[in-house]
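Note: hydrogens, waters and symmetry copies are ignored here, and every other heavy atom, side chains too, is used.
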Amino acid sequence: MNKAQKLGLLAVVCLSIGFMQSCKNKEPSAIKIFVRSASNQPVVGAKVVIIGDVNSNPPTNTYVDTLLTNTSGFVVFEMKAYYDLAGEDNTVAYFDIVAKGGTKVTDGRIRSRAHTTAVETVYLPN
């Protein structure tokens, strides 16, 4: 192999590695939940819990996380750690939602997918 062929081979290898890295999905995995009052007003400081539904099809791994809504009345659960543990073949998960604002409690359900942001709104009763 002459010098030009070696340089050409090296260039092809470098480009191949670059293309393989660019194919990886770098979008974040997140669940965004809005909590609203019965009159559709954002609820600040509501406690929101998501619980992995282990009886779902496909099954969701055991998972529980809790956050408080921000000044705009929503929470964002970062799900990267969940999907990293779930593995490449488990790209869908189902979660039950429990939200509590003061003495009012409501529930809901959300489907999450790896590398996307799932959004749900739950309403507290009167």
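Atoms OH and OG1, on Y83 and T91 in that order, are 7.5 Å from each other to the nearest 0.5 Å. Rounded to the nearest 0.5 angstrom, S37 OG and K104 NZ are separated by 8.0 Å. Atoms CD1 and CD1, on I33 and I110 in that order, are 5.5 Å from each other to the nearest 0.5 Å. Between the CG atom of L85 and the CE atom of M79 there is a distance of 10.5 Å, given to the nearest 0.5 Å. Distance CD1/I50 to CG/D65: 5.5 Å, rounded to 0.5 Å. For the atom pair OG1 of T103 and CG of L124, the computed distance is 9.5 Å after rounding to the nearest 0.5 Å.
In this structure, V35 is not a member of the same hydrophobic cluster as V64, with clusters built from ILVMFWY side-chain heavy atoms closer than 4.5 Å. I51 and V105 fall within the same hydrophobic cluster, where Ile, Leu, Val, Met, Phe, Trp and Tyr residues are linked whenever their side-chain heavy atoms come under 4.5 Å apart, directly or through other members.
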Without placing hydrogens or testing angles, list every side-chain donor-acceptor pair under 3.5 Å for residues 66-77, not counting sequence neighbours.
{"unit_1": "T69", "atom_1": "OG1", "unit_2": "V43", "atom_2": "O", "d": "2.7"}
{"unit_1": "T69", "atom_1": "OG1", "unit_2": "G45", "atom_2": "N", "d": "2.8"}
{"unit_1": "T69", "atom_1": "OG1", "unit_2": "A46", "atom_2": "N", "d": "2.8"}
{"unit_1": "N70", "atom_1": "OD1", "unit_2": "S72", "atom_2": "N", "d": "2.9"}
{"unit_1": "N70", "atom_1": "OD1", "unit_2": "G73", "atom_2": "N", "d": "3.1"}
{"unit_1": "N70", "atom_1": "OD1", "unit_2": "F74", "atom_2": "N", "d": "3.2"}

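A donor-acceptor pair is defined here as one N or O able to donate and one able to accept, closer than 3.5 Å; no such pair exists between the side chain of Y63 and the backbone of F95. Side chain of T60 to backbone of Y94: a donor-acceptor contact under 3.5 angstrom is found.
When all heavy atoms of H115 and E27 are compared, the pair lying nearest together is ND1-O, 3.0 Å. For E120 against R109, the heavy-atom pair with the smallest separation is OE1-O, 3.8 Å. The heavy-atom pair separating A118 from R111 by the smallest distance is CB-O, 3.3 Å.
For CG of N126, the number of neighbouring non-hydrogen atoms (other residues, nucleotides, ligands) closer than 6.0 Å is 12 at most.
The shortest side-chain heavy-atom distance between E78 and S29 does not fall under the 4.5 Å cut-off. Two residues are said to be in side-chain contact when any heavy atoms from C-beta on lie closer than 4.5 Å; N40 and Y123 meet this criterion.
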